[in-house]
2 protein chains.
Amino acid sequence: MSMAPGSTDSAENGGGGPTLARAPRRATISDVAREAGTGKTSISRYLNGELGVLSPDLRARIEAAIERLDYRPNQMARGLKRGRNRLLGLLLADLANPYSVEVLQGVEAACHALGYMPLICHAANEVEMERRYLQLLTTYRVEGVIVNALGVRESMLKPVGSGGIPAVLIDRTVDGLEADVVGLDNPAAVRLGTEHLLARGYDDIVFVVQPFEHVSSRREREAAFRASMQATKGAACGMTQVLDLHDDAAAEAALAALDAHVARAAARGARCALFAANAPVALRLALHLKSALGAQWQQRVALIAIDDPEWAELAGITTIRQPTREIGYRAVEFLHERIEGAAPAARAAAFEGELVARASTLG
Amino acid sequence: MSMAPGSTDSAENGGGGPTLARAPRRATISDVAREAGTGKTSISRYLNGELGVLSPDLRARIEAAIERLDYRPNQMARGLKRGRNRLLGLLLADLANPYSVEVLQGVEAACHALGYMPLICHAANEVEMERRYLQLLTTYRVEGVIVNALGVRESMLKPVGSGGIPAVLIDRTVDGLEADVVGLDNPAAVRLGTEHLLARGYDDIVFVVQPFEHVSSRREREAAFRASMQATKGAACGMTQVLDLHDDAAAEAALAALDAHVARAAARGARCALFAANAPVALRLALHLKSALGAQWQQRVALIAIDDPEWAELAGITTIRQPTREIGYRAVEFLHERIEGAAPAARAAAFEGELVARASTLG
DNA sequence: CTGTTAGCGCTTTCAG
DNA sequence: CTGAAAGCGCTAACAG
């Protein structure tokens, strides 16, 4: 019988049963080598799939030893030696946003396919967290990062090609940073929504968006909205309302303004619709409308939103669904290519959104 | 001027600007030592906060060198040497469930406070994924794992005290595994909901829960429901309906049975309420009721659920909110204690739920 | 086909 | 106060 790795002459496990046994150091490659009566090189070869080069006998002994010792190669040591640890950093601005979770699923799928382990970091909407995590990822020597930026500055990530960690951006670009980006085709998506509303006879549309700050997608969507409205021949009226979800006072004021606008429109006999730039905004709007107009708010004002959260169907609001899984998947593919050394110029992948029409805008 | 770490005589960076520079190997502790004109020991001491032991001069030189080289200690190497890498594994059954995301936030907060880095793994409801991730975590030598189990078998995790990685379970226990558990006080929470319903005059309550499988919390809640109803003096009628969210055919059948039950109750003049064992079940129920009974479903049948997802307020359903952040936080604390060596018997932390009464059960 | 020998980047005795 | 040296667990030449 073989002895447990660290038990040369130890007094551990004093009694009999598996009671308070101090964690018996995990087996190392040397333990396995000894157990199999060979050198570590062969073990290493076995682990790395260089099987053709091992005699069947040796190979069998190694297998048995590994089995007996319940050996698991130490990735850290491996990474240290090889210079690559198969770790990818995934920095998410806000996991409470279903969008992030869905993207994450795509990222995970791709990581499995490509043999990476995603190190998921959640900035919880705090720029400071984001900065710390980015440092931490550096410290763990991840081979690349996928960033759904909150407030990352160009200085925290080196541009593609120069020194820094390979990075790809999701949904949002970073001012002055040249890097791969993957996300929604914002202009097309917004146009899709706007045209749907116009076609359904809504002639007074308010685009509601969070403060732009450094979030490029917000700005892009708003710009696309104005462009769409401008392109319209008709007399439809469009305006933008900023809604700060993280500042209650400001939010209340914005919502009040919105209420007033809706009331005026109604008085004028116009058909009013609210276009939320993303799911969190849509939720806030829906909650407010419900409390302001009662359970029947749906009949008073139409609501459409980019993103398609699970409750959209329940509330019956129209949405523009993003192919979130694919976005995450593609991001990893891009990153993988860079890690593998291909160093093309920064690319951008813009996916099409899909309109999911529901009661809210079909009334 | 100091040279970049790996550029002894290299031809890299051929031209001038920061153009296509091949990633210039990150600085190592030796680079810093050389740059500061000292040995690596002192650098190590500096990094580990043993400042009192360094002369102000040396200390300043080290600081400068680190700054110049933009040096970041390699956690992997550190971990290898020290035997601990400050990594905690967090294995989540389903991130699409808001519950998980909230728990995650508590875990993150605690990790920061205690100096850990959470390695988040998402099993996406697949037992096989769960198994693979558990192996992977082992391989990365995480110091402990927090598991929101899906189908982990006792064999995958060694009981507290014997050999294996320290583990704490969230929400669900694992058959035959002796380990710390933290979660909701299920009996109390269910009683809270049941009593609320009874007090509001509902006399026909159906408890809807996913197939028990190996998920202890489902079983516990269902048992608590029956116990609560039994304890009732009145003639209220209670029954349980299993709803398999991952099997459409079975789900349809279950929902049809539910419809029939509700109709019979209505005919009998009874006041009927549905008690969802968790948020995913509640969502499915709400969606179904809406499509079966129309937008006014709320007036036909009451809905209450354990968990308090963001859309609950919107749908106006009553919920029993779990202190999710605290659950996550406490899990890390438990784990930390074990990692630090304290080896008390397995503990359990059961948090109280809070009833959030909304229109659905106040009608 | 197999084993020996150097390290990867860092911490930690153990001597100055 | 400071540094030299010996590894942590693993891989990768380089010899047999």
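All chains are named by letter (A, B, ...) in the order of the sequence lines, taking the proteins before the strands, and each is independently numbered beginning at 1.
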Exercise. Would you check, one step at a time, whether the test salt bridge (charged side-chain N to carboxylate O under 4.0 Å, His left out) holds for E337(A) with R330(A)?
Key: CA-CA 11 Å; E337(A) 291 172 28; R330(A) 174 64 59 81; over 6 Å; no

Quiz item: Just the endpoints, please: which first and last nucleotides of DNA chain D, 5' to 3', lie under 4.0 Å from a heavy atom of chain A?
Solution: dG9(D) to dC14(D)

Practice problem: Using a 4.0 Å heavy-atom cut-off across all strands, classify S44(B) as base, sugar-phosphate, or nothing. | Solution: base

Quiz item: dC10(C) P sits how many Å from N48(B) CG, rounded?
Solution: 11 Å

Exercise. For the residue pair Y116(A) and H336(A), categorise the inter-ring angle as parallel (less than 30°), tilted (30 to 60°) or perpendicular (more than 60°).
Key: perpendicular

Self-check item: Value in whole Å for how far the C1' atom of dG9(C) lies from NZ of K81(B)
Solution: 11 Å

Quiz item: Which nucleotide sits closest to the side chain of K40(A): dA6(C), dG9(C), dT13(C)?
Solution: dA6(C)

Quiz item: Within less than 4.0 Å of OP1 or OP2 of dC10(C), is there a side-chain N or O belonging to Y71(B)?
Solution: yes

Self-check item: E128(A) CD: over 12 foreign heavy atoms closer than 6.0 Å
Solution: yes

Quiz prompt | Side-chain donor/acceptor of N74(A) to backbone N/O of M76(A), under 3.5 Å | solution = yes

Quiz item: E35(B) and salt bridge (charged side-chain N to carboxylate O under 4.0 Å, His left out): which partner among K40(B), R68(B), R61(B)?
Solution: R68(B)

Practice problem: Can you figure out which of dG3(C), dT13(C), dA6(C) approaches the side chain of R45(B) most closely? | Solution: dT13(C)

